[in-house]
Amino acid sequence: MGIDWLSAVLLSVRVATVATAVVFCAGTGLAWLAVKRTWRGKALMDAILILPLVLPPTVTGYLLLILLGREGPLGSLLAAAGTPILFTWWAAVLASATVAFPLMYVGAKTGFQSVDEALEGAARTLGQSAPRVFLTVTLPLARPGITAGLLLTFVRALGEFGATLMVAGNMPGRTQTIPLAIWVAAETGDLGTASLLVGIMLVLAAGAVWFGRVRPWGGPAGGTSRNRS
């Protein structure tokens, strides 16, 4: 039976989209806290959040496997609730989100560091509330870094292989994403399907890079900043 490449593409896009949405919310929020707030242990937290960027995906996958297993701290709770996620497409989402998270975090952090605090201060002196200052001043000025992180996160989530294989498996139509389908196609000698999927990945990645370079959101790539550790 041939590889269902269309199912793999659709699943990959769905997994990457959900993972990117989760990572966008978590990464942007934590990046804002890292730039705007100071507390003991912040440097340690920063290192932990970036760690998946330098760890081999199989190591990240193994740690997730321990965490989500029936004896793991999170897996036991999910099993008791009747909602285990190992070897489901949600496990693929979690693996992709974990591996791609540092890209969103670093991009958003760079964006927030580029914001001139004097502009935020001026908005506050004009009577703007903190949420309104964030939405109308901070976020627009930080948008280039945030958008770059968002694009990189989506492409990285789309191409995740090692961690996904360990926690979601390789079940056609259920958890088989594009990278896993390419691997199976190459192993079985189905070079036509492998080439097709590789081409699709190249188009998606090149499209994201182009989208990032033309900067359709407007504004400069950087700005004045006061860097914080």
Just by distance, do the side chain of [X] and the backbone of [Y] share a donor-acceptor pair under 3.5 Å?
X	Y	result
S76	R70	no
S114	G111	yes
T188	A185	yes
T125	A122	yes
K42	R37	yes

Looking at [options], which hits side-chain contact (heavy atoms from CB on, under 4.5 Å) with [X]?
X	options	result
T20	T153, V155, L158, V15	T153
I85	L94, L74, V167	L94
I50	L55, V106, L103	V106

So which heavy atom on [X] is nearest to which on [Y], and how close?
X	Y	answer
P73	L77	O-CG, 3.5 Å
A34	K109	CB-CE, 4.4 Å
A19	A97	CB-N, 3.9 Å
L135	P140	O-CD, 3.3 Å
L180	N170	CB-OD1, 3.4 Å
A168	A92	CB-N, 3.7 Å

Gap separating the [atom1] atom of [X] from the [atom2] atom of [Y], nearest 0.5 angstrom:
X	Y	atom1	atom2	answer
D190	I182	CG	CD1	11.5 Å
T83	L78	OG1	CG	4.5 Å
T98	L64	OG1	CG	4.5 Å
F101	L49	CZ	CG	4.5 Å
L204	F154	CG	CZ	6.5 Å
L65	T60	CG	OG1	12.0 Å

Between E160 and T177: side-chain donor-acceptor atoms closer than 3.5 Å: no
R124 side chain to Q128 side chain, donor-acceptor N/O pair below 3.5 angstrom: no
Stepwise side-chain contact (heavy atoms from CB on, under 4.5 Å) test for D46 and Y105: CA-CA 9 Å; D46 194 72; Y105 175 71; 2.5 Å; yes
F87, CZ atom: more than 12 neighbouring heavy atoms under 6.0 Å: yes
F24, CZ: over 12 other non-hydrogen atoms inside 6.0 angstrom: no
Determine whether [X] and [Y] fall in the same hydrophobic cluster, where Ile, Leu, Val, Met, Phe, Trp and Tyr are linked whenever their side-chain heavy atoms lie under 4.5 Å apart.
X	Y	result
I200	L191	no
L67	V59	no
V203	L197	no
V184	F161	yes
L51	L63	yes

Ring geometry between F112 and F134 (parallel below 30°, tilted from 30 to 60°, perpendicular above 60°): tilted
I146 and M104: CA distance, side-chain angles, deciding distance, side-chain contact (heavy atoms from CB on, under 4.5 Å) verdict: CA-CA 7 Å; I146 293 174; M104 184 71 246; 3.8 Å; yes
Test item: S7 and Q176 side chains (from C-beta on) under 4.5 Å apart, heavy atoms: no
Side-chain heavy atoms of W5 within contact of V9, under 4.5 Å: yes
Ring-face cation contact, W89 with R174, 6.0 Å cut, 45° max: no
